[in-house]
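These notes concern the structure reproduced below.
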Protein chains: 2
Amino acid sequence: MGDSLRNIANTIKDLDSILIFPHINMDGDSLGASTALCLALRSIGKKSYVMLDEEIPENLDFLECGCSIYDVDSYDRFDLSLQIDSSGMNRILGREAAWEKGKIKGCIDHHPTVKQDVYYDFYLTEPETAATGEIIYRLIKYLGAEITLDIANCIFAAIVTDTGNFQYSNTTRQTHEITAELYDIKDFNAKIVSALIYERRSKDSIMMEGEVLSNLEFFSEGKVAIGTLTQDILTKYGCMMNESEGIVQRIMTIEGVEVGCLIKEDDSNLVRVSLRAKHKANVAVVATKFGGGGHLRAAGCTMYISPQEAKKHLIPELIQAAETYV
Amino acid sequence: MGDSLRNIANTIKDLDSILIFPHINMDGDSLGASTALCLALRSIGKKSYVMLDEEIPENLDFLECGCSIYDVDSYDRFDLSLQIDSSGMNRILGREAAWEKGKIKGCIDHHPTVKQDVYYDFYLTEPETAATGEIIYRLIKYLGAEITLDIANCIFAAIVTDTGNFQYSNTTRQTHEITAELYDIKDFNAKIVSALIYERRSKDSIMMEGEVLSNLEFFSEGKVAIGTLTQDILTKYGCMMNESEGIVQRIMTIEGVEVGCLIKEDDSNLVRVSLRAKHKANVAVVATKFGGGGHLRAAGCTMYISPQEAKKHLIPELIQAAETYV
């Protein structure tokens, strides 16, 4: 949907400077795809940075690769501002001024729709592609840049984080074909990347997770499971909110659970909600109802109420989602 | 190492009946590869069964596919007894009489050495191949059989369980190439298989896991982590031992842990020990020292002592493994 990737590559080839925008609350796909493209662009002589306005999650720190920049005030204009793995102004919050530094604007995404509250000179979205990292891998090939070890690591991280290690239903033949090619890169070692992403949990966070899981609430005959991570629990275990990564996936391993929900109290009146579906439910609909969004089986929203109030609003919607298979 | 897969395929083509032996304490690779081959052999007109002497683990029940048999007394001799994913008599314990039903004997494995306490008319081991399921996939192609949906599911299950969802260092280009091809099979859905394997945990087992993880012991400055699952804990949560699958992998997600160990009390004086290494340690050496075996980074052994005694014997060996990188 949108412009062809080959045309986008040709457009970019003619430009000298590209500022790349992963989405807020960056994840492995968004940052991995952005950094991979930034490194490739630099390797073919372009000026490029990944524009950020928040700290990189600890388990993704290796995806920085000297690419990120937090301030473009001192820089000239860029030829292109390029949004990666999302669309719309609300996904580049805090970076609006930097976005305007680009003479032209572009967007490369894999979410179903490209939001049109931003004008894009070109855009491409591939809803059938599991990770934006796959699109960027093909773009890098079109650009004629070499897949270096750093780029391979970024692409692998993008793919595994967005496909749940190749287990989610979004995974395709292409996902595995691209990953197979990464093994041709000298010194590529999936285990090293995987360990950086998944195997740097603190003992405290494992225990915190245990507490959340031992207090799950079930509805709709066990089809809906809700976990709640409050500031009190975080304080008890000395954990940061981003150490809750993985809890919602654990919830989904329980037999019979079709819809999983983790309510994370980020502030006294701000909760972030992670939603997952196992096979058939549509949780994007629920997230959208509360101002969020995402994919059919993995979505999220932010609610400006307490965890208890959030739960009250969410329960009927989650039950409906779990009972309405799509 | 051993005979070529093509030659083995030609040998099998000339036979009429094949009895297949996965290893004891069957896992996804062993059973998945065995069933995949059995189904393929049947599809080209052979008589074939998967010979078992134990119950199939619940999360692998979908890999049965009507192939298993527990008693061959009433059957004639078979042309071939074929050991899959292991070698040596101690891996087909309880099925020795059935093994002798085969006029010729064969072995297809991916462990480093083929044990020679059994005479094999042919054998093949590919230590560089992540899963025996990959070898069987190629064998099925050589046999000229079609990859059906059931076979694809078996191969996928074999691969994901032996590669930790493509995250272990044993994963190769071939692993992804074969998996990519599975997506060509009509109705293949990785998520459905994955959910059958991983997403049928009971709430009780998740809580049991939490208790084991919250009582981990650390040695060698956190490089070694040991968890203990006693019969008391199993009873407390009403869980079966096979519901402990995954705990040792959780241990490995902790930062700094190089060697992980789970001691499972199976009986009052029998413990099963699961060992894992993250990057560099050799846990096969430790397992072998106590009469077990396995791979460099994933091994196990059975000890006929109490969990406390087992721990005493294991700790110095695990520390040495964690400090001696290979």
Side-chain angles (χ1 to χ4, degrees), chain A residues 58-59 156 159-160 163-184 188-195 197-207 209-216 218 222 225 246 249-257 278-279 297, chain B residues 58-59 156 159-160 163-184 188-195 197-207 209-216 218 222 225 246 249-257 278-279 297:
Chain A
E58 277 179 36
N59 71 323
F156 186 75
I159 288 176
V160 297
T163 63
N165 300 341
F166 307 95
Q167 306 299 300
Y168 297 162
S169 53
N170 61 356
T171 311
T172 65
R173 190 186 219 286
Q174 177 185 274
T175 314
H176 285 284
E177 284 172 340
I178 288 174
T179 309
E181 290 182 19
L182 300 180
Y183 280 84
D184 294 341
F188 176 72
N189 186 330
K191 177 64 192 170
I192 289 176
V193 181
S194 179
I197 301 173
Y198 299 116
E199 300 183 355
R200 293 194 284 169
R201 295 285 304 268
S202 67
K203 183 170 182 294
D204 294 330
S205 77
I206 294 274
M207 291 169 68
E209 183 174 306
E211 172 147 351
V212 174
L213 292 175
S214 65
N215 289 292
L216 291 178
F218 293 85
Q249 283 92 319
R250 295 301 285 169
I251 294 174
M252 298 315 292
T253 67
I254 299 171
E255 176 148 37
V257 169
K278 197 173 275 180
H279 290 306
R297 316 284 186 230
Chain B
E58 276 179 38
N59 72 322
F156 186 74
I159 288 175
V160 297
T163 63
N165 300 341
F166 307 95
Q167 306 299 298
Y168 297 162
S169 53
N170 62 356
T171 311
T172 66
R173 190 187 218 287
Q174 176 184 274
T175 315
H176 285 285
E177 284 171 340
I178 288 175
T179 309
E181 290 182 17
L182 300 180
Y183 280 85
D184 294 341
F188 176 73
N189 186 331
K191 176 64 191 172
I192 289 176
V193 182
S194 178
I197 302 172
Y198 300 117
E199 300 183 353
R200 294 194 286 171
R201 295 284 305 270
S202 67
K203 183 170 183 289
D204 294 329
S205 77
I206 294 273
M207 290 169 68
E209 182 174 308
E211 172 147 350
V212 173
L213 292 174
S214 65
N215 288 294
L216 292 177
F218 293 86
Q249 283 92 318
R250 296 299 287 168
I251 293 175
M252 299 315 292
T253 66
I254 298 172
E255 177 149 36
V257 170
K278 197 172 275 179
H279 290 308
R297 317 284 185 229

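Chain letters run A, B, ... following the sequence lines, proteins first, then strands; residues in each count from 1. Heavy-atom basis, side chains included; hydrogens, waters and symmetry copies ignored.
- Counting heavy atoms of neighbouring residues, nucleotides and ligands inside a 6.0 Å radius, atom CD of B/E181 exceeds 12 of them.
- For CD of A/E58, the number of neighbouring non-hydrogen atoms (other residues, nucleotides, ligands) closer than 6.0 Å is 12 at most.
- Of the residues considered (A/E211, A/K203, A/Q174), A/K203 shows the highest number of contacts with chain B, using heavy-atom pairs under 4.5 Å.
- Both the backbone and the side chain of B/I254 come within less than 4.5 Å of a heavy atom of chain A.
- With a threshold of 4.5 angstrom between heavy atoms, A/F156 approaches chain B through side-chain atoms but not through N, CA, C or O.
- Heavy-atom pairs under 4.5 Å with chain B peak, among A/V160, A/L213, A/T175, A/T179, at A/T179.
- Of the listed residues (B/R200, B/E209, B/M207, B/E177), the one with the most heavy-atom contacts under 4.5 Å to chain A is B/R200.
- Contact annotation for B/S205: neither backbone nor side-chain heavy atoms come within less than 4.5 Å of a heavy atom of chain A.
- For chain B, the option among A/G210, A/G164, A/A195, A/S169 with the highest count of heavy-atom pairs below 4.5 Å is A/S169.
- Taking CG of A/N165 as the start and OG1 of A/T171 as the end, the distance is 9.5 Å to the nearest 0.5 Å.
- The OG1 atom of B/T163 sits 7.5 Å away from the NE2 atom of B/H176 when rounded to the nearest 0.5 Å.
- Contacts with chain B were tallied for A/K278, A/K191, A/M252, A/E255; A/E255 has the most, counting heavy-atom pairs under 4.5 Å.
- Most heavy-atom pairs under 4.5 Å with chain B, from the set A/I206, A/I251, A/V257, A/N170: that is A/I206.
- Using a 30° and 60° split on the angle between ring planes, B/F166 and A/F166 fall in the perpendicular class, above 60°.
- Chain B forms the most heavy-atom pairs under 4.5 Å with one residue out of A/D184, A/N189, A/L182, A/L216, and that residue is A/D184.
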Residue pair A/Y198, B/Q167: steps toward the side chain to side chain contact (heavy atoms under 4.5 Å, CB included) verdict: CA-CA 10 Å; A/Y198 299 116; B/Q167 306 299 298; 3.7 Å; yes
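- B/I192 touches chain A through backbone and side chain together, each having a heavy atom under 4.5 Å away.
- In this structure, chain A has a heavy atom under 4.5 Å from the side chain of B/F218, while its backbone stays farther away.
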